[in-house]
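Read the structure below first, then the notes.
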Amino acid sequence: MSTVNEVLSAAMALPPGDRAAIANRLFASLDEDEIQLEWHPEWAEELSARTNAIAEGTATFMDGKQAVKEIRESLTRRDSP
């Protein structure tokens, strides 16, 4: 039997679409009571504010690919000396 690290290493070598499919299937395989998410109060406040903005029609939206690009650029700038 493979160890978790061996399975994870093999999965990380797969193309992004395959990794996403594996992640989705693993997540879907969990029962609700098996999922232990830690919610910080700030996250709940942010989620509430965003949900309200959507409901009120005041939210602005961004293409997902553009959002990921901007996040990566921000992290690169943050990690650069």
Strictly distance-based, threshold 3.5 Å: is any side-chain N or O of Glu56 a donor or acceptor partner for the main-chain N or O of Ala53? no
What is the minimum heavy-atom distance between Ala11 and Ile22, and which atoms define it? CB-CD1, 4.5 Å
Could you tell me the separation between the CE atom of Met62 and the NZ atom of Lys69, rounded to the nearest 0.5 Å? 10.5 Å
Output yes when a side-chain donor or acceptor of Ser29 lies under 3.5 Å from a complementary backbone atom of Leu26, and no otherwise. yes
Rounded to the nearest 0.5 Å, what separation is found between the CG atom of Asn52 and the CG atom of Leu47? 9.5 Å
Are there more than 12 heavy atoms of other residues, nucleotides or ligands under 6.0 Å from atom CZ of Arg19? yes
Is the number of heavy atoms from other residues, nucleotides or ligands under 6.0 Å of Met12 CE greater than 12? no
If only atom types and distance count, is the side chain of Ser74 paired as donor or acceptor with the main-chain N or O of Glu70 below 3.5 Å? no
